[in-house]
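Below is one structure, written out as C-alpha cells, with a few remarks after it.
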Amino acid sequence: MAPHHLPFYLAPGSGTDTLMVGMGIFLIGTVLWVGTLYWKLHSLPERMAHKSQKLQFEFVAVLGLISLFTHMHIFWIAGLLLALIDLPDFGTPLRSIAGSVEKIADATPATDAEAMRTEAAIAPPPAEMPGSANEKEHSHA
C-alpha cells in the first residue's frame, strides 16, 4: 500500500493511473489536431487553384500528390507557386475568334470569282482538236 503523502499522479497499487489516461487522451487529441493541420496545409495549393482554369488546377493537384507520395517538398512549393500565378486565358478568345470566323464564312454570299470557279469545275474545258484553225494559221507549209 502506498503511503498517503505520495503525489496524485502516482498510481496506487489497485487503481488506474490517471496521469496515463489523461496523457493518452491528450496525445490522441494532439495527433488528430496536427494531422488535420497537416492535411489543410498540404491541400492549400489545390484550394487556391480551385478557382482557376481546369488545366492549372489539375496540374497543381498532381504536384500535390507527387509531393505527398515522394516526400519531396519541391513539388509542393512548385504547386503553391503555380497556384499563386494567374495564367492568362488564351483559349476563350481564340474559341470566340474561331466561332466568329465560322459565322462569317457561313453568312457570306458567293462572289463572282467563286461562282466562276464553280462553273469552271462543273463545265469541262473545251477540247482542242488536232488540225484546228489555230494550227493552220501557224503552219507555214
Side-chain angles (χ1 to χ4, degrees), residues 1-140:
M1 297 286 256
H4 295 290
H5 66 278
L6 288 177
F8 76 96
Y9 52 85
L10 290 178
S14 63
T16 58
D17 189 357
T18 56
L19 184 61
M20 186 181 82
V21 171
M23 289 308 296
I25 292 171
F26 176 76
L27 180 66
I28 290 171
T30 303
V31 166
L32 289 175
W33 179 73
V34 168
T36 304
L37 180 69
Y38 173 76
W39 286 111
K40 284 190 182 239
L41 181 66
H42 183 75
S43 67
L44 179 68
E46 286 181 53
R47 287 186 282 132
M48 290 173 65
H50 193 270
K51 56 186 169 264
S52 66
Q53 300 171 14
K54 184 181 181 213
L55 181 65
Q56 183 179 5
F57 171 71
E58 289 176 354
F59 195 61
V60 169
V62 167
L63 286 173
L65 284 174
I66 290 172
S67 72
L68 180 67
F69 292 124
T70 62
H71 300 289
M72 295 179 68
H73 304 297
I74 191 69
F75 292 114
W76 186 84
I77 293 169
L80 182 65
L81 291 175
L82 185 60
L84 287 172
I85 296 171
D86 283 337
L87 296 177
D89 182 21
F90 293 116
T92 303
L94 289 176
R95 278 190 292 276
S96 174
I97 292 170
S100 299
V101 168
E102 285 178 2
K103 286 180 185 176
I104 291 171
D106 290 340
T108 56
T111 61
D112 291 337
E114 289 177 358
M116 291 173 65
R117 279 190 224 128
T118 307
E119 290 174 7
I122 295 172
E128 293 192 20
M129 305 291 268
S132 65
N134 290 341
E135 282 185 21
K136 289 181 182 176
E137 290 177 6
H138 292 290
S139 66
H140 295 287

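Fair warning: this is a prediction, and the values are worked out from it, not measured in the lab. Only this structure's heavy atoms are used, side chains among them; waters, hydrogens and symmetry mates stay out.
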Checklist entry - Which atom pair, heavy atoms only, marks the closest approach of Ala83 to Pro45? => result CB-O, 3.4 Å
Next on the checklist: Looking at every heavy atom in both Met48 and Leu84, which two are closest together, and how far apart are they?
Outcome noted: CE-CD2, 2.8 Å
Checklist entry - Distance-only, no hydrogens or angles: does the Ser100 side chain make a donor-acceptor pair with backbone N or O of Ser96 under 3.5 Å? => result yes
With a 3.5 Å cut-off and sequence neighbours excluded, list the donor-acceptor pairs that the side chains of residues 24-38 form with protein atoms.
unit_1 : atom_1 : unit_2 : atom_2 : d
Thr30  : OG1    : Phe26  : O      : 2.7
Thr36  : OG1    : Leu32  : O      : 2.8

Checklist entry - Sequence neighbours excluded, which residues qualify as side-chain hydrogen bond (donor to acceptor under 3.5 Å, both in side chains) partners of Ser43? => result Arg47
Side-chain donor-acceptor distances from residues 70-80 under 3.5 Å, at least two apart:
unit_1 : atom_1 : unit_2 : atom_2 : d
Thr70  : OG1    : Ile66  : O      : 2.6
Thr70  : OG1    : Met72  : N      : 3.4
Trp76  : NE1    : His42  : O      : 3.2

Next on the checklist: The criterion is ring-ring contact (aromatic ring centres under 6.0 Å, His included); which residues satisfy it with Phe59, sequence neighbours excluded?
Outcome noted: none
